[in-house]
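Below is one structure; the comments refer to it alone.
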Amino acid sequence: MSSRLSTSHKIGYAAGSVGTGGFSTVPGLLLLYYLTDELGVAAAAAGLVVLLPKAWDVVLNPFVGSWSDRTTSRWGARVPWMLRGALLLPVAFAAMFWAPSGLAGSGAALWVAGCFLLAATGFAFFQVPYIAQPAELTDDYAERTSLMTWRIAFLTLAILVFGAGAPELVKAGGDGLAGYRLMGVVCGALFLVGFGIAILATRNLPTVLCAEPSGG
């Protein structure tokens, strides 16, 4: 079995970092202002909302890794979980910036926190198996290094583009709630495209190294 990957497969895999890089960037950049300036959430509560999913990641990620290790499907162990994340994260991200009209204060904080936790769950579903793939798709060190290089390049580009572009989308939407809603939908759609390309690129690739199911 050949362990070499085509350039198109490498680029396709790396496209998943469009979504992971974007999601890692935008909430930290804009969510606190959205909560306090647009939804009237107290600063302390807003800070808690922003930090809560980071604690959730610490708890959830080991479970996702264990679940995906045990998964068997015609697409392998990783892609089914990546697909779950690809469907959940963009929708929850857009909903996070689409709080119902008239919702403010503690109610708005609960809405955003719930959506953010769902988005973080989708992120874990995609990210944990996604970063496990390079070790399983090729046993060639040079090929694995090339695959990771493409991923880091896309990740860096995504951080730069979303970091600069997300605030501009808010302005393009007229600032205020309308601007944040536009930004949430556009960014969510871009996440979905990146995730989808990565799934399509890797779903039928042979696995040359299978992970041992972890305990627990």
Side-chain angles (χ1 to χ4, degrees), residues 16-71 77-78 80-100 103-133 135 151-152 155-156 158-160 162-163 166-167 170 180-181 183-184 187-188 190-192 194-195 198 211 213-216:
S17 289
V18 171
T20 61
F23 181 71
S24 298
T25 302
V26 177
L29 190 64
L30 296 177
L31 189 57
L32 192 63
Y33 298 105
Y34 169 67
L35 285 163
T36 57
D37 296 355
E38 303 300 332
L39 299 181
V41 177
L48 182 61
V49 169
V50 172
L51 291 175
L52 186 60
K54 299 184 184 299
W56 178 233
D57 284 345
V58 173
V59 174
L60 181 61
N61 285 1
F63 287 100
V64 175
S66 178
W67 296 335
S68 67
D69 286 347
R70 288 175 164 80
T71 297
R78 307 305 178 187
W81 287 95
M82 291 164 62
L83 181 59
R84 290 180 175 95
L87 296 175
L88 178 57
L89 171 53
V91 174
F93 180 87
M96 185 166 63
F97 290 99
W98 204 285
L103 195 65
S106 59
L110 288 173
W111 171 274
V112 174
C115 292
F116 201 5
L117 283 175
L118 285 175
T121 300
F123 180 78
F125 284 173
F126 185 89
Q127 173 78 347
V128 172
Y130 176 66
I131 62 176
Q133 280 189 316
R151 183 176 73 84
I152 296 301
L155 179 64
T156 302
I159 291 171
L160 293 173
F162 281 100
V170 175
Y180 282 102
R181 287 175 174 177
M183 182 276 300
C187 288
L190 292 174
F191 298 169
L192 180 60
F195 292 154
S214 55

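For reference, positions follow the sequence shown, starting with 1.
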- About how many Å separate CG of Asn61 and CZ of Phe123, when rounded to the nearest 0.5 Å? 8.0 Å
- Message: Please verify the inter-ring angle class for Phe93 with Phe23; under 30° counts as parallel, over 60° as perpendicular, anything in between as tilted.
- Response: perpendicular
- Message: Looking at every non-hydrogen atom in both residues, tell me the closest pair between Ala166 and Val26 and how far apart they are.
- Response: CB-CG2, 4.0 Å
- Across all chains, not counting sequence neighbours, the side-chain contact (heavy atoms from CB on, under 4.5 Å) partners of Val18 are Phe154, Phe162
- Task: Specify the closest pair of heavy atoms between Phe116 and Pro53, including all atoms of both residues, with the distance to one decimal.
- Result: CD2-CG, 3.2 Å
- Taking all heavy atoms of Arg78 and all of Gly65, pick out the closest pair and write down the distance. NH1-O, 4.1 Å
- Query: How would you list, by chain and number, every residue that makes a side-chain contact (heavy atoms from CB on, under 4.5 Å) with Ala109, sequence neighbours excluded?
  - Reply: Val41, Val49
- Looking at CG of Leu87 and CG of Leu192, how far apart are the two atoms once the value is rounded to the nearest 0.5 Å? 7.0 Å
- Message: Restricting to non-hydrogen atoms, name the atom on Gly22 and the atom on Pro27 that form the minimum distance, rounded to 0.1 Å.
- Response: O-CD, 4.2 Å
- Item | side chain to side chain donor-acceptor pair (under 3.5 Å) contacts touching residues 42-53 (sequence neighbours left out) | none
- Task: To the nearest 0.5 Å, tell me how far Arg151 CZ sits from Thr156 OG1.
- Result: 10.0 Å
- List in chain and number order the residues that pass side-chain contact (heavy atoms from CB on, under 4.5 Å) with Val64, two or more places apart in sequence or in another chain; answer none if no residue qualifies. Leu60, Trp67, Ala124, Phe125, Val128, Pro129
- Keeping to residues at least two apart or across chains, list the side chain to side chain donor-acceptor pair (under 3.5 Å) pairs with something in residues 111-129. Trp56-Thr121
- From OH (Tyr180) to CG (Leu31), nearest 0.5 Å: 9.0 Å
- What pair of heavy atoms forms the shortest contact from Ala46 to Leu32, and how long is it? CB-CD1, 3.5 Å
- Note on the structure: Heavy atoms of Phe195 and Gly16 approach each other most closely as CE2-O, 3.5 Å
- Message: For Pro167, give me all partners under side-chain contact (heavy atoms from CB on, under 4.5 Å), at least two apart in sequence or on another chain.
- Response: Leu29, Leu30
- Query: Which side chain to side chain donor-acceptor pair (under 3.5 Å) pairs, counting each pair once, include a residue from residues 35-54, with sequence neighbours left out?
  - Reply: none
- Residue pairs fulfilling side chain to side chain donor-acceptor pair (under 3.5 Å) with at least one residue in residues 16-35, sequence neighbours excluded: Ser17-Tyr130
- Message: When you measure from the side chain of Arg181 to the backbone of Ala99, do you find a donor-acceptor pair of N or O atoms at a distance under 3.5 Å?
- Response: yes
